[in-house]
Protein chains: 2
Amino acid sequence: MIIKANNPALTSWIDVEKNSDFPIQNLPFGIYSDSINQHRVCSAIGNYVIDLYELADRGYFKTLTLNKELFNRPYLNDLIALGKSATRALRERLSDLLESTNQELQGDKKTFDAIFKPQSSVQLMLPVKVGDYTDFYSSIDHATNIGTMIRDPKNALMPNWKYIPVGYHGRASSIMVSGSNFHRPKGQMKPADAEVPTFGPCKLLDFELETGYIIGKSSSPGQSISTEQADDYIFGMVLFNDWSARDIQTWEYVPLGPFLSKNFASTVSPWVVTLDALEPFRTEGYVQEPKVFPYLEYKGNKNVDIKLEVAIQPENGEETIVCRSNYKYMYWTMEQQLAHHTVNGCNVNVGDLMGSGTISGPDVSEYGSMMELSWKGTKPIKLKDGSERKFINDNDTVILRGYCKNNEVRIGFGECKAKLLPAL
Amino acid sequence: MIIKANNPALTSWIDVEKNSDFPIQNLPFGIYSDSINQHRVCSAIGNYVIDLYELADRGYFKTLTLNKELFNRPYLNDLIALGKSATRALRERLSDLLESTNQELQGDKKTFDAIFKPQSSVQLMLPVKVGDYTDFYSSIDHATNIGTMIRDPKNALMPNWKYIPVGYHGRASSIMVSGSNFHRPKGQMKPADAEVPTFGPCKLLDFELETGYIIGKSSSPGQSISTEQADDYIFGMVLFNDWSARDIQTWEYVPLGPFLSKNFASTVSPWVVTLDALEPFRTEGYVQEPKVFPYLEYKGNKNVDIKLEVAIQPENGEETIVCRSNYKYMYWTMEQQLAHHTVNGCNVNVGDLMGSGTISGPDVSEYGSMMELSWKGTKPIKLKDGSERKFINDNDTVILRGYCKNNEVRIGFGECKAKLLPAL
C-alpha cells in the first residue's frame with residue numbers, strides 16, 4: 001500500500017527546520033490545552049501544533065465526513081477507534097493541506113493563528129485514556145544483562161524467554177504525560193546482608209528506556225489477533241519511561257512480579273507517531289532460534305529502526321546523554337507481542353498501551369537503564385558537571401528522545417521527560 | 001457511627017424469604033438491563049431488583065438532591081464517586097421507603113411494577129467500569145499450600161510474605177459479569193519432564209475463590225492512604241473468580257508474574273454489597289507476627305465474617321459444593337492492602353477493583369482452588385454424579401456464593417458463576 005503522506009519528496013509551506021522531529025512526513029497525533037482551548041486533538045509540524053478542531057470547524061475535513069466533536073475530546077480514543085482507514089485518510093488530508101503548492105490555508109493570518117500555535121505556547125496532555133497497560137520484556141540484551149547480574153551469567157536468559165514474549169500487567173492510573181514530575185517513592189527494601197526489611201524512600205531509582213504502542217482497534221473476548229492482523233490493531237507508537245525502584249522490586253517481586261516498584265509513575269511522550277509514518281523505517285527482525293510456535297511466526301520486516309537516547313539533566317545543570325540505543329534491537333516484534341497477548345482470547349481495547357520493556361543494545365553505551373549502565377551500581381556514570389550517578393538523584397530530569405532517519409527524512413517523537421522530586 | 005439501614009429489627013412491606021441474600025438490611029448496588037430499559041442503576045430486595053432511576057424520576061430521592069441521570073448510566077462509577085456520605089444517604093432513604101410502616105410506595109400496582117422487577121426477568125450487568133485491577137495474595141493458608149506444593153514444605157511462605165501484602169496487577173478488560181461464559185484458553189505449557197514447551201488448550205484450568213473490593217474515592221498521585229482512611233475509599237465488596245490456567249502459569253510466570261494464565265477471563269458478581277452493610281459482620285484480624293511496619297498497623301476489627309462456598313455443576317447435572325471457606329481467614333485486611341498499594345504514591349481511581357487472592361481456610365474442605373483441593377491433581381474430588389475432577393472440565397459451571405449471617409440477619413452477595421466452554 002502506498003501512503004501518499006509518507007512521500008519523502010513532499011515539502012510544506014510551513015517552515016520546518018532540518019532536524020525537526022515533525023516534518024510533513026510525520027504528522028503525529030496528540031492533545032493540547034492552552035488558555036483558550038481545553039483538550040483539543042492536534043497534530044504537529046515544525047514548531048507548531050495544529051488544532052484539528054479548528055480545521056474541522058472551518059470545513060477543511062468535509063470530504064472525510066468526520067464529526068468535528070471528535071476533535072474536541074480529552075483523549076484520542078474516540079478518533080482512533082474509527083479505525084485505520086479513517087485516521088489514514090485524515091493524515092493524508094492534513095498532508096495535502098500543508099503541502100507547498102496547496103493554497104487553502106496560506107495567506108490568511110487570522111485563520112493561521114487560530115489553527116497553528118507554537119508548541120512552546122501550549123500544554124501537551126496525556127494523548128490517550130489508557131484502559132489496560134502491559135509491559136513486555138523483549139530486548140534480548142536487556143534480559144541477558146539483568147539475568148547475568150542477578151542470576152547466572154551462564155544461564156542469563158530464563159528457559160521460557162526465547163519461546164514467549166514475556167510480559168506482565170502494569171498500572172494504568174499512574175501513567176503520566178511528559179513533563180509531569182513525581183516524588184521518589186517510599187517502600188520496603190531488604191539489603192542482601194540484612195535480616196529483616198527496612199522502610200523508607202527508595203535508594204535505587206532507575207529509568208527504563210522503552211517505547212510503547214497504542215491499540216487502535218478493540219478485539220472481542222475469545223478472539224486471537226494473528227501476527228498478520230496485528231498492524232491493523234496498532235495505531236502508533238510513543239516513547240515510554242517505565243520508572244523502576246530497584247530495591248523495592250528486589251524485595252517484592254517473587255513470586256508474582258513487580259508491583260509497587262513500578263506503579264508509582266510511568267512517563268509517556270505526548271505525541272503518538274502513527275505506524276503509517278514509521279512504515280518506511282521498518283527493518284529486519286532478530287533471527288529467532290529456536291524456531292517460534294506458528295502463532296508467533298511473521299512475514300516481512302517488522303522491526304523498526306528508531307534511534308533512541310536518554311539524557312540526565314541535574315537541577316539547573318547541563319544534560320548528559322548516558323545511553324544511545326535503537327528499537328531495532330528488539331528480539332520480539334510488536335506483532336508477535338500482540339499475537340501472544342491475545343492467543344488465549346484476552347481482549348484488547350482502543351487506548352491500551354503495550355510497553356516494549358527496556359531497550360538495550362549490545363554495546364555498553366546502548367544499555368537502557370542505570371542498572372545496566374552502572375552495572376548494578378558498581379560502575380558509576382560520569383556526567384558533564386563532573387558528578388557521578390549510579391542511579392537517579394533527587395531533582396534530576398530524565399529525558400528520552402527517539403527518531404527515525406534515512407537519507408531523505410527524519411521522523412521524531414519529541415521528548416519524554418520528567419523530574420524526580422524528593423520523597424514526600 | 002450508627003447506620004440506620006443496618007438495624008436488624010427492620011422489616012419490609014416487600015416479602016423477603018428467610019434465606020434470601022437480599023433483606024432490607026443489605027440493599028446492594030448493581031446495574032440491570034431488560035427489554036424496556038438499558039443500563040439502569042438498581043438495588044435488590046428479596047427476589048426483586050429496584051430500579052433507582054424510576055424512583056428518582058418520581059421524586060422519591062428529592063431530599064437527596066441527586067441528579068436522576070446518575071441512575072441512567074452503564075456503570076455505578078459516577079454514583080459512587082459522589083462519596084460515602086451521598087451513597088450512605090441513598091441507602092438510608094431506600095431503607096425508609098421499603099420499611100414496613102412506610103406508605104409512600106405501597107398500594108399503587110402500576111408504580112410498583114415500573115420500579116420493582118423480578119430478578120429472574122432482568123439481566124444483571126457488569127456493575128462498574130474497572131480502571132485498574134489488582135490482585136492480592138493475602139490468604140495465609142492458600143500461600144502456604146501453594147508454597148508447600150511447588151517449593152518447600154519447610155519454607156512454604158516466601159521471606160517477604162509476612163511483611164508485605166503481596167499483590168500484582170491484573171487485566172481489567174477481561175473482567176466479566178456473572179453468567180458470561182468463556183472458552184478454555186490456549187497457550188504454551190511445558191510439562192516438568194519435557195525438554196521443550198508445547199502449544200494447545202490448557203489442561204489445568206482452575207477457579208480461584210476470591211472477593212474483591214471496589215474503590216469509591218479517587219486519590220492523587222503521590223498521596224498515601226492510611227489504614228485509618230482506607231474505609232472511606234472502599235465502596236463495597238463483590239465475589240470474584242480469578243480463573244487460572246495452572247499449566248500456562250507454571251511456564252510463563254518467572255520472573256515477571258502471571259500473565260496469559262490469568263488474563264483470559266475473571267468473573268465478578270453483579271451486586272456490590274456496601275461496606276456499610278457488612279459493618280455488623282466485622283471480626284478480629286489475624287494475629288500478625290512479625291509485627292508489621294507502622295504504615296500497615298490498624299485498629300479495630302477489620303476482617304469480615306463472610307461465609308463462602310464454591311459449587312461445580314457439570315453440564316445438565318446437579319451441583320456439588322467442593323469448598324466452604326470464609327473471608328475472615330485473610331491474613332492481610334483490605335485496609336492494609338490499600339495502605340500498602342498507595343504507600344509509594346500510586347493513585348487509585350473510582351471503580352478500581354482489588355482482589356483478595358484465593359481465600360483458603362485451614363481445613364482441606366476450605367481450600368479455595370482445585371489446585372489445593374485436589375492437591376496438584378493427586379487427589380481427585382468426587383462429584384455427586386460420580387465423576388471426578390482434578391481441575392475444571394469443559395462445560396462445567398463454577399458457582400461462587402457468599403453471605404454474612406448472625407442470629408438476626410443474613411446479608412448475601414448472590415451468585416458469581418460462569419461456564420467453561422471448550423477451546424475454540
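Naming: A, B, ... by sequence-line order, numbering from 1 per chain.
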Is chain B contacted by the side chain of A:Val166, its backbone, both, or neither, given a heavy-atom distance below 4.5 Å? side chain

Please round to the nearest 0.5 Å and tell me the distance separating atom CG of B:Leu353 and atom OH of B:Tyr213. 9.5 Å

Answer yes or no: is there an ion pair linking B:Lys291 with B:Glu297, defined by an N-O contact shorter than 4.0 Å? yes

Residue part contacting chain B, namely of A:Thr134, when any heavy atom lies under 4.5 Å: side chain

Contact origin within A:Asp352 toward chain B - heavy atom pairs under 4.5 Å: side chain

Taking side chain as everything from C-beta outward and backbone as N, CA, C, O, which of these in A:Leu424 sits under 4.5 Å from a heavy atom of chain B? Side chain, backbone, both or neither. side chain

Please step through side-chain contact (heavy atoms from CB on, under 4.5 Å) for the pair B:Thr342 and B:Tyr233, ending with a clear verdict. CA-CA 12 Å; B:Thr342 60; B:Tyr233 287 80; over 6 Å; no

Top of A:Arg151, A:Met176, A:Met158 for chain B proximity - count of heavy-atom pairs under 4.5 angstrom: A:Met158

Could you walk me through whether A:Glu208 and A:Thr358 pass the side chain to side chain donor-acceptor pair (under 3.5 Å) test, one step at a time? CA-CA 5 Å; A:Glu208 290 196 338; A:Thr358 308; 3.2 Å; yes

When the ring centroid of A:His142 is compared with that of A:Tyr137, is the distance short of 6.0 Å? yes

Interface check, chain B: of A:Pro185, A:Pro255, A:Ser173, A:Ser174, most non-hydrogen pairs under 4.5 Å belong to A:Ser173

Quick check on A:Pro159 against chain B: is it the side chain, the backbone, both or neither that has a heavy atom closer than 4.5 Å? both

Give the ring-plane orientation class for A:His340 versus B:Phe259, where under 30° counts as parallel, over 60° as perpendicular and anything between as tilted. tilted

Looking at A:Gly167, A:Gly131, A:Ser180, which has the largest count of heavy-atom pairs under 4.5 Å with chain B? A:Gly167

Answer with side chain, backbone, both or neither: which region of A:Phe182 has an atom nearer than 4.5 Å to a non-hydrogen atom of chain B? neither

Consider only side-chain N and O atoms of A:Tyr295 and B:Gln188, and report whether a donor and an acceptor are under 3.5 Å apart. yes

Name the option with the most non-hydrogen atom pairs under 4.5 Å to chain A; the candidates are B:Asp135, B:Asn349, B:Val254, B:Leu421. B:Val254

Heaviest contributor of heavy-atom pairs below 4.5 Å to chain A, chosen from B:Phe293, B:Tyr168, B:Phe264, is B:Phe293

Heavy-atom distance under 4.5 Å to chain B: side chain of A:Val348, backbone, both or neither? both

Can A:Ser244 and A:Gln249 be counted as having a side-chain donor-acceptor contact under 3.5 angstrom? no

Rounded to the nearest 0.5 angstrom, the NZ-OG1 distance for B:Lys154 and B:Thr148 is 12.0 Å

Greatest number of non-hydrogen atom pairs under 4.5 angstrom with chain A, of B:His341, B:Arg184, B:Lys186, B:Lys129, falls to B:His341

Roughly how far, to the nearest 0.5 Å, is the CD atom of A:Glu372 from the CG atom of A:Asp206? 8.5 Å

Which one of A:Lys262, A:Glu252, A:His183 has the most heavy-atom pairs closer than 4.5 Å to chain B? A:Glu252

Is the closest side-chain heavy-atom distance between A:Lys203 and A:Phe391 below 4.5 Å? no

Checked A:Pro258, A:Pro197, A:Gly222 vs chain B; the most non-hydrogen pairs under 4.5 Å come from A:Pro197

When the 4.5 angstrom heavy-atom criterion is applied to A:Leu296 and chain B, the contacting part is side chain

Most contacts with chain A, counted as non-hydrogen pairs under 4.5 angstrom, among B:Asn347, B:Val343, B:Ile248, B:Ile146: B:Asn347

Only pairs of heavy atoms separated by less than 4.5 Å count here; which of A:Ala172, A:Ala245, A:Pro201, A:Gly187 has the most with chain B? A:Ala172

